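What follows is a short report on a single structure.
So that the names make sense, note that chain A is the first sequence line, chain B the second, and so on, each numbered from 1. Predicted, not measured: the structure shown is a model, and the values here were computed from it.
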Amino acid sequence: MTEKTYPWEADLHVKNELQLLISEIYQIDLSLDEIAVSSPPNPEFGDLSTPVAMKLAKAARKSPVEIAQQLADSLQAVHLPYFESFSVTKPGYINAKMDYKRFAGDLLTSIRNMGDQFGNNADGEKKKFVIEHTNINPNKAAHIGHLRNSCLGDTMARLAEKSGFDVEVQNYIDDTGTAVADVVVGLHYLGEKYDGKQRFDYFCWDLYTKVNILYQEDPELEAKQAEVLHLIEEGNNEIAHLAKETSKKIVDCHLNTMARLDVFYKVLTWESDIMKMGFWKHAFARMKDQGGIVYEESGPNKGCWVVKLGDLPEFSNLENPDKILLRSNGTATYTAKDIANQMWKFGILGRDFLYSIYCTQKNGKELWTSDMDGAKMDDFGRADVVMNVIDIRQKYLQDVLRLSLFKLGFEDEADNSIHFGYEVVALSTEAAQELGVEVSDERDIYAMAGRKGIGVKADDLLDRIIEKTTEEVAKRHPEMSAEEQTALGTKIAVGAVRYYMIRYNTNSVIVFDFQEALSLQGNTGPYLQYSYARASNILRKAGADNIEIKMDGLDALSTMADAEKELIKKMVEYPGVIRRGFRDVAPSAVTDYAYSLATSFMSFYEKVPVLSADDDMKSMRLELVAAFKMVMGNVLHVLGIPAPERM
RNA sequence: GCGCCUGUAGCUCAGGGGAUAGAGCAACGGACUUCUAAUCCGUUGGCCGUAGGUUCGAUUCCUACCAGGCGCGCCA
């Protein structure tokens with residue numbers, strides 16, 4: 001092992017060595033995945049352990065303990081870096097004890113040297129990673145379901161960046177759909193005037209609901225929807241202008257809402273521009289040339305252009321597995337437009353938007369937008385990997401999208417199309433009740449419904465939690481000015497909301513509950529922030545920002561307390577967490593880790609004095625605290641959670 | 001009907017072939033002259049949906065069933 005080795009790869013070293021030894025001694029070839037190495041449940045068993053000997057017992061025709069002993073002896077003889085000794089316990093576990101002086105010393109040095117780069121990897125090979133998220137219909141205020149989308153998408157974008165991808169965040173705006181049309185119906189035909197007394201997106205929230213209720217009793221009004229849609233598609237008329245103006249105003253509201261949570265974008269893509277650029281027409285021509293689609297002369301899809309999906313196992317059970325792209329009346333389906341858009345993202349459409357700068361965002365970065373009056377640019381799309389963040393109800397359509405690409409001959413692009421599907425946010429009985437929804441004993445969760453105006457608005461939630469956190473700050477820091485209190489309160493509120501939105505497994509519905517979402521204690525964002533603030537405090541009091549912490553104290557590492565070792569072991573996991581979070585598309589893996597890292601530090605904080613320790617010990621512990629602060633800072637950054645120096 | 005997902009403590013959730021199944025909340029009892037108590041320590045609380053199977057070993061994998069959610073348009 002002549003290459004540079006890192007402490008966070010220690011478990012990998014053991015695995016590799018075991019693989020080699022097992023092959024040599026028993027002539028059994030195991031994959032690395034078959035050699036489980038993990039932290040044992042009890043520190044008495046050492047720092048790392050593996051049950052692999054028990055797996056081998058049958059094939060090697062020896063007792064597990066015997067095999068374990070033989071492997072442990074062999075490992076001992078190899079002198080792996082970072083390991084002190086190997087032992088065996090009863091059923092057949094091999095346990096490893098770390099050489100903490102070297103292990104911790106190298107880790108702390110690495111963290112100090114790598115700083116905010118610590119934990120990053122180069123898996124992405126600088127490939128272009130396009131992620132589309134948020135995508136809210138521009139016709140009403142954002143609600144907490146949209147928040148889940150944006151927070152998950154933003155975290156994935158951050159994970160992709162840490163994983164060495166060139167990341168482009170897109171926000172697609174469907175400004176030509178029925179949602180916008182409904183609001184336009186209200187504004188134009190109902191003569192509803194916006195008087196500026198409330199926020200425009202809140203006004204539209206109510207108007208959208210009103211229009212949908214009136215549709216039920218007034219078929220003539222409902223017919224206006226189709227009329228409006230038609231006029232929008234035609235363009236260059238009063239209605240189309242009104243639709244665009246309305247959409248833009250709502251998009252601005254959405255951008256403001258998301259900016260409050262530090263969610264930003266690289267480019268906006270407007271459906272109206274997709275239409276004007278003739279993306280679909282162009283895609284259709286390409287598909288026809290390529291022969292990927294067929295015109296049906298008979299059958300249920302008679303007169304339509306379809307993509308044949310029936311021979312794919314995913315669709316073989318469906319009554320009508322083929323997907324219509326062009327209807328018999330000559331218009332394109334939603335899926336067709338989606339395919340064209342996806343082709344654009346990959347740069348295989350042969351067409352591109354024109355672009356201009358939309359605005360400068362709160363993070364100082366420019367936001368671009370597709371724009372018919374803009375300039376030609378080569379910066380956008382042209383992806384190697386495309387991730388679409390859309391809730392799980394879109395799974396079928398996302399499958400159709402991917403497999404259609406495959407069928408059209410874009411096999412690599414199909415492979416690199418990832419649907420990040422997540423379950424929706426619903427309301428608890430209490431939350432539903434608070435919003436005035438009629439509740440019954442028969443159910444305990446209530447779906448949000450834009451058309452009915454049922455939902456918790458994102459900004460309402462934020463306002464409420466900021467009020468609460470600011471109150472708490474005021475209690476703790478009466479010396480601060482009101483502005484400072486609000487600023488800190490806002491940071492904590494952002495931490496609480498973002499953590500709440502991504503901490504759950506994406507397969508499960510979040511049953512939104514105010515009490516839980518507003519909680520600032522226990523397994524919450526503020527807990528992470530508090531651990532960071534506590535570490536900052538120690539360093540500030542030690543004057544560590546000005547003096548250089550010396551590594552001389554590392555001799556003291558041989559007498560590390562358990563709490564210190566636990567903290568070291570937690571920090572060492574971080575690079576693997578980033579890798580796994582991205583690979584498994586699992587932001588919640590990062591929140592889980594962040595929480596356990598914070599817990600380790602809290603435990604250290606309570607048990608191990610830093611400032612009052614002897615000089616050598618103090619120096620070592622300050623280094624440890626500084627390392628923790630760095631790692632926690634990095635984790636918080638991935639999660640998009642502000643890291644306050646004090647709380 | 002077909003397909004996907006979920007079922008773990010009173011509640012909200014982690015874990016995902018391996019040692020005694022973990023957290024938070026709630027309840028109860030402790031710890032602030034101490035590096036900030038948005039914290040920590042302790043107690044109570046589990047047929048890991050049910051039944052089979054695979055395995056040295058299953059809460060984890062497979063099958064069936066039960067319960068719940070979602071999806072399967074020439075809608076967007």
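Taking the C1' atoms as reference points, B/U39 lies 48 Å from B/G3, given to the whole Å. Look at the C1' atom in both B/G69 and B/A38: the space between them is 35 Å, to the nearest Å. Distance noted for atom C1' between B/A58 and B/U8: 14 Å (whole Å). Atom name P, nucleotides B/G24 and B/G42: the rounded distance is 10 Å, in whole Å. Nucleotides B/G29 and B/G22 place their C1' atoms 22 Å apart, quoted to the nearest Å. Comparing the same atom, P, in B/C56 and in B/A67 gives a spacing of 35 Å after rounding to whole Å.
Side chain of A/N42, nearest nucleotide from B/U20, B/A37, B/A19: B/U20. Closest to the side chain of A/P40, out of B/A19, B/A76, B/C70, is B/A19. Among the nucleotides B/A19, B/C35, B/A76, the one closest to any side-chain atom of A/L611 is B/C35. Proximity note for A/D592 (side chain, C-beta onward) versus B/A19, B/A38, B/G15: the nearest is B/G15.
What you find for A/V635 and A/V590 is that their closest heavy atoms are CG1-CG1, 4.1 Å. Scanning all heavy atoms of the two residues, the minimum distance from A/I390 to A/Y422 falls at C-CE2, 3.6 Å.
As a whole-Å value, the separation of A/E472 CD from B/A37 C1' is 12 Å. Here the C1' atom of nucleotide B/C2 and the NZ atom of A/K395 are 14 Å apart, to the nearest Å. Atom CG of A/L528 is separated from atom C1' of B/A23 by 13 Å (rounded to the nearest Å). Rounded to whole Å, atom P of B/G24 lies 11 Å from atom CZ of A/R503. Between A/Y334 atom OH and B/G73 atom P there is a gap of 15 Å when expressed in whole angstrom units. Distance CD1 (A/I510) to P (B/C13): 9 Å, rounded to an integer number of Å. A straight line from CG of A/N505 to C1' of B/G7 spans 13 Å, rounded to a whole angstrom. With rounding to whole Å, A/E430 atom CD is found 19 Å from B/C25 atom P.
Heavy atoms of A/V306 sit nowhere under 4.0 angstrom from any nucleic acid atom. Within 4.0 Å of A/S49, counting heavy atoms only, lies at least one base atom of the nucleic acid. Using a 4.0 Å heavy-atom criterion, one finds that A/K58 contacts the sugar-phosphate atoms exclusively. Counting non-hydrogen atoms under 4.0 angstrom, A/V473 reaches a base of the nucleic acid. Counting any heavy atom pair closer than 4.0 Å across all strands shown, A/Y504 reaches sugar-phosphate atoms only and no base atom. Among the protein residues, A/N137 comes within range of no part of the nucleic acid, since none of its heavy atoms lies under 4.0 Å from any strand. No engagement by A/P91 is indicated, since no non-hydrogen atom pair under 4.0 Å with the nucleic acid exists. Using a 4.0 Å heavy-atom cutoff across all strands shown, A/V610 reaches at least one base atom of the nucleic acid. Within 4.0 Å of A/I392, counting heavy atoms only, lies no atom of the nucleic acid at all. When heavy atoms are screened at a 4.0 angstrom cut-off, A/K468 is found touching no nucleic acid atom at all.
Put simply, A/K541 has no side-chain N or O that comes within less than 4.0 Å of OP1 or OP2 on B/C35. A/R534 has no side-chain polar atom (N or O) that falls below the 4.0 Å cut-off from OP1 or OP2 of B/A38. Side-chain nitrogen and oxygen atoms of A/Y532 include none within less than 4.0 Å of the OP1 or OP2 phosphate oxygen of B/A38. When the side-chain nitrogen and oxygen atoms of A/Y396 are compared with OP1 and OP2 of B/G71, none of them lie within a distance under 4.0 Å. Residue A/N507 places at least one side-chain N or O closer than 4.0 Å to OP1 or OP2 of B/U6.
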Its dot-bracket string being built from Watson-Crick and G-U pairs below 3.5 Å, with | for another strand and [ ] for crossing, RNA chain B has the pattern (((((((..((((....[...)))).(((((.......))))).....(((((..]....))))))))))))....

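Side-chain N/O atoms of A/T333 and base N/O atoms of B/A76 include no donor-acceptor pair closer than 3.5 Å. Between the side chain of A/R476 and the base of B/A38, a donor-acceptor pair under 3.5 Å is found. Side chain A/S328 to base B/C74: a donor-acceptor pair is found below 3.5 Å.
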Verdict with reasoning, A/S247 to A/D175, per side-chain hydrogen bond (donor to acceptor under 3.5 Å, both in side chains) | CA-CA 6 Å; A/S247 304; A/D175 57 336; 5.0 Å; no

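With its glycosidic angle more than 90° from 0, B/C25 adopts the anti conformation.
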Taking only distance into account, with no hydrogens and no angle test, what donor-acceptor pairs under 3.5 Å do side-chain atoms of residues 293-303 of chain A form with protein atoms, sequence neighbours excluded?
from   : atom 1 : to     : atom 2 : distance (Å)
A/E296 : OE2    : A/K308 : NZ     : 2.8
A/N301 : OD1    : A/N320 : ND2    : 3.1
A/N301 : ND2    : A/N320 : OD1    : 3.4

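Heavy-atom neighbours of A/N42 CG from other residues, nucleotides or ligands within 6.0 Å: above the threshold of 12.
At least one cation-pi condition fails for A/R534 and A/F601: the charged atom is not both under 6.0 angstrom from the six-membered ring centre and inside a 45 degree cone around its axis.
For A/E34, the side chain to side chain donor-acceptor pair (under 3.5 Å) partners at least two apart in sequence or on another chain are A/S31.
Ion pairing of A/E434 with A/R464 is present here, as a side-chain N (NZ or NE/NH1/NH2) and a carboxylate O approach within less than 4.0 Å.
For the atom pair A/M617 CE and A/S612 OG, the distance stands at 11.0 Å (nearest 0.5 Å). Here the straight-line distance linking atom CD of A/E132 with atom CG of A/N341 works out to 6.0 Å at 0.5 Å rounding.
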